[in-house]
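In what follows, a structure is listed as structure tokens, so that the remarks can point back to it.
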Amino acid sequence: MTMKLLSGDPRLVCELALRPLVLVFWSILGTKALDNGLARTPTMGWLHWERFMCNLDCQEEPDACISEQLFMQMADLMVSEGWKDAGYEYLCIDDCWMAPERDSKGRLQADPQRFPSGIQHLANYVHSKGLKLGIYADVGNKTCAGFPGSFGYYDIDAQTFADWGVDLLKFDGCHCDSVTSLADGYKYMSLALNRTGRSIVYSCEWPLYMRPFHKPNYTDIQYYCNYWRNYDDIYDSWESIKNILAWTTDNQKEIVEVAGPGGWNDPDMLVIGNFGLSWDQQVTQMALWAIMAAPLLMSNDLRQISSQAKALLQNEDVIAVNQDPLGKQGYCFRKENKIEVWERPLSNLAWAVAVRNLQEIGGPRSYTIQVASLGQGIACNPGCIITQLLPEKVQLGFYEWTVTLKTRINPSGTVLLRLDYI
Ligand code: GLA
């Protein structure tokens with residue numbers, strides 16, 4: 001069977017012949033993702049920040065303040081509403097969970113009013129639901145919202161999180177004295193987490209805080225972190241999504257090649273299901289986050305979400321693109337006449353293609369693609385089956401290498417396609 005494939009497919013022969021060369025290059029460059037066995041596909045879950053921020057007022061807003069009740073409710077819904085089954089596994093606390101001071105032994109502690117049962121109890125609860133718990137801390141002297149930072153306490157904090165049963169750490173980069181202590185702190189915490197012996201996904205913001213001073217060293221970053229933020233915080237606005245995508249295309253030469261199993265670029269949370277994006281813009285976020293092999297961390301209110309947004313976030317075909325085991329990040333390869341075309345190689349010689357309409361005036365626009373130009377010229381050679389996944393699923397059928405494919409895209413929307421090789 002294997003022999004048949006090899007002799008029948010010249011591309012496979014070529015790929016296999018080059019493999020030793022690639023491996024040699026790989027080891028010379030020393031580029032290797034964090035080897036903790038975690039985040040082999042982009043992390044999926046829920047993170048409180050964009051939607052709930054630093055709401056401390058449980059008197060006035062008991063349902064929206066950062067409290068154990070909020071996380072328990074989200075945990076319940078992640079299971080009962082199909083999020084867990086769709087792949088959303090990590091329930092993550094962001095900033096503002098801490099008490100203003102460490103305890104007498106120097107350990108971080110949760111705010112006693114808002115988390116009266118403590119983080120360990122919350123972790124047990126989350127685990128009892130078959131989910132995992134994420135927490136937040138900061139490499140510097142204070143978190144971005146002014147709570148105690150981990151500088152000088154990396155070992156204690158890593159151990160505390162492990163003791164509590166935490167499964168993921170988002171490590172922010174505010175209030176750090178220098179770029180050296182920033183880099184050293186991110187590295188140290190990675191090793192400290194490892195030394196606890198507990199499997200803890202490590203999310204960094206190291207390149208974001210480094211970039212104003214130094215070009216980030218992605219060899220180091222991917223060695224120490226499971227995923228990392230490169231760019232500004234996401235907002236619940238189309239402007240914000242556009243800025244993130246523009247930054248990504250401008251910097252894709254540098255960042256696309258460093259992503260892979262164990263280490264991912266993080267363009268920040270999914271804001272689908274909130275207030276700021278139209279339907280087509282939500283489709284664009286979902287489609288492009290799948291193409292970018294981005295962590296899928298929703299920040300929304302699972303108690304109040306439209307069925308349309310829920311179906312988009314739980315779309316199994318789109319999630320399958322995001323979670324594809326080949327683990328290669330996609331890129332934008334054509335921009336013309338206010339249209340962008342992105343593509344991402346998938347396992348089994350399949351490809352995902354996203355066609356984005358950047359024009360924000362007028363109605364839907366048609367865009368015709370030469371099938372031969374997709375997937376670096378090989379996706380449909382000699383033919384492929386094309387399925388439109390978004391905005392809705394449509395079987396488009398068999399396409400030969402020589403033909404064209406006509407798409408129609410709404411203003412600020414995206415058409416996401418999957419090309420299966422035959
Ligand atoms: C920074 C991070 C955000 C969030 C806030 C919390 O701005 O980039 O994602 O964690 O801090 O204060």
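Note that ligands are numbered from 1 as they come in the structure, with each ligand's atoms numbered from 1 the same way. The residues of the chain are indexed from 1 along the displayed sequence.
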Only heavy atoms of [X], strictly under 4.0 Å: list the atoms of ligand 1 that pass.
{"X": "Y136", "result": "6 (C), 10 (O), 11 (O), 12 (O)"}
{"X": "E205", "result": "2 (C), 8 (O), 9 (O)"}
{"X": "R229", "result": "8 (O), 9 (O)"}
{"X": "C144", "result": "1 (C), 11 (O), 12 (O)"}

Does the residue [X] have a heavy-atom contact with ligand 1, meaning some pair of atoms that are separated by less than 4.0 Å?
{"X": "K170", "value": "yes"}
{"X": "E50", "value": "no"}
{"X": "D233", "value": "yes"}

Can you tell me the protein heavy atom closest to [atom] and the distance?
{"atom": "atom 12 (O) of ligand 1", "result": "D95 OD2, 2.8 Å"}
{"atom": "atom 10 (O) of ligand 1", "result": "D94 OD1, 2.6 Å"}
{"atom": "atom 11 (O) of ligand 1", "result": "D172 OD2, 2.8 Å"}
{"atom": "atom 5 (C) of ligand 1", "result": "W49 CE2, 3.7 Å"}

Check: W264 side chain, A39 main-chain N or O, donor-acceptor pair, under 3.5 Å:
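Yes, the answer is positive, given that a donor and an acceptor are paired below the 3.5 Å cut-off.
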Is it the case that the side chain of D236 and the backbone of F275 share a donor-acceptor pair, with hydrogens and angles ignored and the cut-off at 3.5 Å?
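Present.
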Could you tell me whether D268 approaches ligand 1 through its side chain, its backbone, both or neither, with non-hydrogen atoms closer than 4.0 Å?
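It is neither; nothing of D268 touches ligand 1.
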Just verifying a value: how many Å separate D138 CG and D95 CG, rounded to the nearest 0.5 Å?
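So the CG of D138 and the CG of D95 are separated by 7.5 Å.
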For the atom pair CD1 (I119) and CZ (F161), what is the distance rounded to the nearest 0.5 Å?
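One gets 9.0 Å once the value is rounded to the nearest 0.5 Å.
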List in chain and number order the residues that pass salt bridge (Lys or Arg N to Asp or Glu O under 4.0 Å) with R114, two or more places apart in sequence or in another chain; answer none if no residue qualifies.
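Testing R114 for salt bridge (Lys or Arg N to Asp or Glu O under 4.0 Å), a comparison that skips the adjacent residues, returns D111.
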Identify, with sequence neighbours excluded, every residue that meets salt bridge (Lys or Arg N to Asp or Glu O under 4.0 Å) alongside D85.
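Not a single residue meets the salt bridge (Lys or Arg N to Asp or Glu O under 4.0 Å) criterion with D85.
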What do you reckon, are the aromatic ring centroids of F151 and H175 less than 6.0 Å apart?
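They do not qualify: ring centres at least 6.0 Å apart.
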Taking the ring of F171 and the ring of Y186, is the distance between their centroids below 6.0 Å?
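Yes: the rings meet the under 6.0 Å criterion.
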